[in-house]
Protein chains: 2
Amino acid sequence: MASFTQTKRLLRYRMGLIRLKKMGLEKVFSYTLGKEVGVSAELVRKDFSAFGIKGHRRGGYEVDDLLSSLEKIFGKDRIQNVIVVGMGNMGRALSMYKGFREHNMNVVAGFDIDPAKLNKKFHIPVYSMESLGEVIEAFNVSVAVLAVPEVAAQETANQLVSHGISGILNLAPVLLKTPDHVLVNNVNLMVELERLMYHSGVIQ
Amino acid sequence: MASFTQTKRLLRYRMGLIRLKKMGLEKVFSYTLGKEVGVSAELVRKDFSAFGIKGHRRGGYEVDDLLSSLEKIFGKDRIQNVIVVGMGNMGRALSMYKGFREHNMNVVAGFDIDPAKLNKKFHIPVYSMESLGEVIEAFNVSVAVLAVPEVAAQETANQLVSHGISGILNLAPVLLKTPDHVLVNNVNLMVELERLMYHSGVIQ
DNA sequence: TTTTTATTGTGAAATATATAACTATTTTTG
DNA sequence: CAAAAATAGTTATATATTTCACAATAAAAA
Ligand SMILES: NC(=O)c1ccc[n+]([C@@H]2O[C@H](COP(=O)([O-])OP(=O)(O)OC[C@H]3O[C@@H](n4cnc5c(N)ncnc54)[C@H](O)[C@@H]3O)[C@@H](O)[C@H]2O)c1
Ligand SMILES: NC(=O)c1ccc[n+]([C@@H]2O[C@H](COP(=O)([O-])OP(=O)(O)OC[C@H]3O[C@@H](n4cnc5c(N)ncnc54)[C@H](O)[C@@H]3O)[C@@H](O)[C@H]2O)c1
């Protein structure tokens with residue numbers, strides 16, 4: 001299977017292609033797309049080649065063909081259901097984000113331990129943690145976004161795993177211990193900001 | 001200078017060490033810390049070695065020494081001021097996040113183009129874009145978080161650059177064109193979720 | 001005190017990732 | 001129609017990153 005980094009690029013090509021298509025482009029060259037997403041032309045071609053995506057020599061790639069190939073690779077013909085656990089500042093922001101829906105990811109429900117956060121009339125329904133199993137089954141959910149405080153992250157992850165979740169997008173700044181069949185993708189915004197400061201020369 | 005990936009690890013060591021210290025640890029071994037943050041023991045040692053951080057043969061590393069070394073490297077003895085541009089769902093969540101302050105990053109102000117979002121009584125003051133230069137200068141800000149819609153991202157980034165910002169944490173799913181002296185760190189949460197789905201075997 | 005053990009520090013090897021250089025093919029031009 | 005130009009596809013090379021292997025050394029045990 002593709003590497004994690006390569007997958008990231010392919011998904012960015014897809015986003016870039018959607019933009020280019022909106023601007024009226026019907027075909028792209030490797031360097032056009034590369035420039036759009038910040039990747040060298042050679043790497044664009046290599047990535048496509050690795051996935052068996054063909055262009056036309058001297059003619060570039062058909063935008064629609066590329067998009068449908070990528071759509072197939074990433075299962076974008078179907079809608080993927082997702083849940084958000086922890087409906088605080090971050091969880092609410094994510095649950096209201098329109099971008100997910102536009103890319104066929106559907107946040108079907110939120111969960112929280114705090115009774116004050118439970119709300120059936122919110123943008124999406126927010127349930128107590130007891131309903132986790134039920135909702136996961138009903139909506140055939142296998143991926144969850146974890147947005148609970150650091151101290152609760154591991155315990156909550158355990159609950160998710162025990163209810164059959166196999167992918168966690170973890171926003172808490174802590175490493176989760178999970179079984180091998182569960183994949184965790186950590187996004188640590190503090191670290192992202194801190195290293196930006198360091199490398200942009202703000203420090204010292 | 002260190003690579004971007006290495007810096008990320010060092011910052012995660014720091015967070016892990018803070019946790020371990022809270023749990024009462026006074027010294028750590030490379031494999032203890034490695035386990036805490038998900039890095040091999042060898043790499044932990046190499047990273048420290050690369051920054052001239054010394055441990056004790058057979059005695060591990062002193063937690064306090066490590067933390068103060070890392071604090072020095074990342075300028076954590078001073079408070080770094082940050083602004084958030086785009087006070088929508090994501091911008092507001094970030095501006096209210098306590099974690100930044102706990103790690104000596106201070107979100108001093110928010111900015112928005114929408115008059116309805118302007119508010120001096122919010123958790124942080126929210127200004128119109130006209131005040132950008134003034135606030136950046138007053139608080140000596142060099143790093144900004146960009147949380148405006150995709151279509152406005154490039155234009156807004158240009159404004160930031162023209163006011164002297166040299167680091168941008170970009171949350172919009174688009175590549176920004178900036179001069180060489182400006183560093184952009186892109187965090188694309190959609191791509192992070194999509195590739196989690198792909199690699200966790202949800203797709204197909 | 002000597003031996004054993006545990007752990008750091010680091011050079012060598014392996015692996016992964018990206019770039020460069022080249023070939024093949026198609027289109028365009030003269 | 002032949003030559004030139006442009007671009008995909010691919011192989012070779014370079015660079016970056018991680019792991020392996022082990023010497024050095026300090027602490028603990030005998
Ligand atoms: N807000 C941000 O901008 C931001 C930035 C970077 C990282 N993060 C991380 O994202 C996570 C969420 O941050 P936040 O600012 O939204 O926090 P928050 O405190 O606003 O919200 C956390 C929510 O989780 C709920 N919760 C607590 N324990 C729970 C449990 N055991 N089970 C289910 N729900 C539980 C709380 O009731 C609350 O609603 C944290 O780990 C934080 O470190 C947030
Ligand atoms: N909300 C999320 O969970 C989420 C997730 C992933 C990515 N993002 C990205 O983060 C960015 C912000 O998302 P959001 O959900 O907060 O959007 P939002 O629409 O809720 O907020 C955007 C804010 O930016 C302001 N704005 C618009 N144009 C501006 C301009 N030219 N200058 C200054 N301010 C301007 C708007 O008034 C609004 O307040 C988007 O690029 C989005 O794609 C958001």
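Chain letters run A, B, ... following the sequence lines, proteins first and then strands; every chain starts at 1. These values consider heavy atoms only, across backbone and side chains, with no hydrogens, waters or symmetry-generated copies.
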Select from B:Glu42 and B:His56 the residue whose nearest nucleotide in DNA chain D is closer to the 5' end of that strand. B:Glu42

Earlier contact from the 5' end, DNA chain D, for B:Gln6 and A:Lys54: A:Lys54

Check whether any side-chain nitrogen or oxygen of [X] sits under 4.0 Å from OP1 or OP2 of [N], and answer yes or no.
X: B:Tyr61; N: C:dT8; answer: no
X: A:Ser49; N: D:dG9; answer: no
X: B:Ser30; N: C:dT8; answer: yes
X: B:Thr5; N: D:dT17; answer: yes

Under a 3.5 Å threshold, yes or no: a donor from one side chain and an acceptor from the other, between B:Gln154 and B:Asn158? yes

Integer-rounded Å distance: D:dC20 P and B:Leu43 CG: 12 Å

Starting the side chain at C-beta, find the nucleotide from [options] nearest to [X].
X: A:Ser3; options: C:dG9, C:dT17, D:dA8; answer: C:dT17
X: B:Arg58; options: C:dT26, D:dA28, D:dA21; answer: D:dA28
X: B:Arg57; options: C:dT19, D:dA24, D:dT19; answer: D:dA24

Is the backbone N or O of A:Phe4 less than 3.5 Å from a side-chain atom of B:Arg195, with the two atoms forming a donor-acceptor pair by type? yes

Hey, does the side chain of B:Asp112 reach the backbone of B:Asp114 with a donor-acceptor pair shorter than 3.5 angstrom? yes

I want to confirm an ordering. Mapping A:Arg9 and B:Gly60 to their closest nucleotides on DNA chain C, which one lands closer to the 5' end? B:Gly60

Please figure out whether A:Phe4 or B:Phe29 has its closest DNA chain C nucleotide nearer the 5' end. B:Phe29

Which is true for A:Lys46 with a 4.0 Å heavy-atom rule: it touches a base, it touches only sugar-phosphate, or it touches nothing? base

Hey, does A:Phe48 reach any base, or is it just sugar-phosphate, or nothing, if we go heavy atoms under 4.0 Å? nothing

Residue of the set B:Phe48, B:Tyr13, B:Phe29 for which ring pair (Phe, Tyr, Trp, His ring centres under 6.0 Å) holds with B:Tyr61: B:Phe48

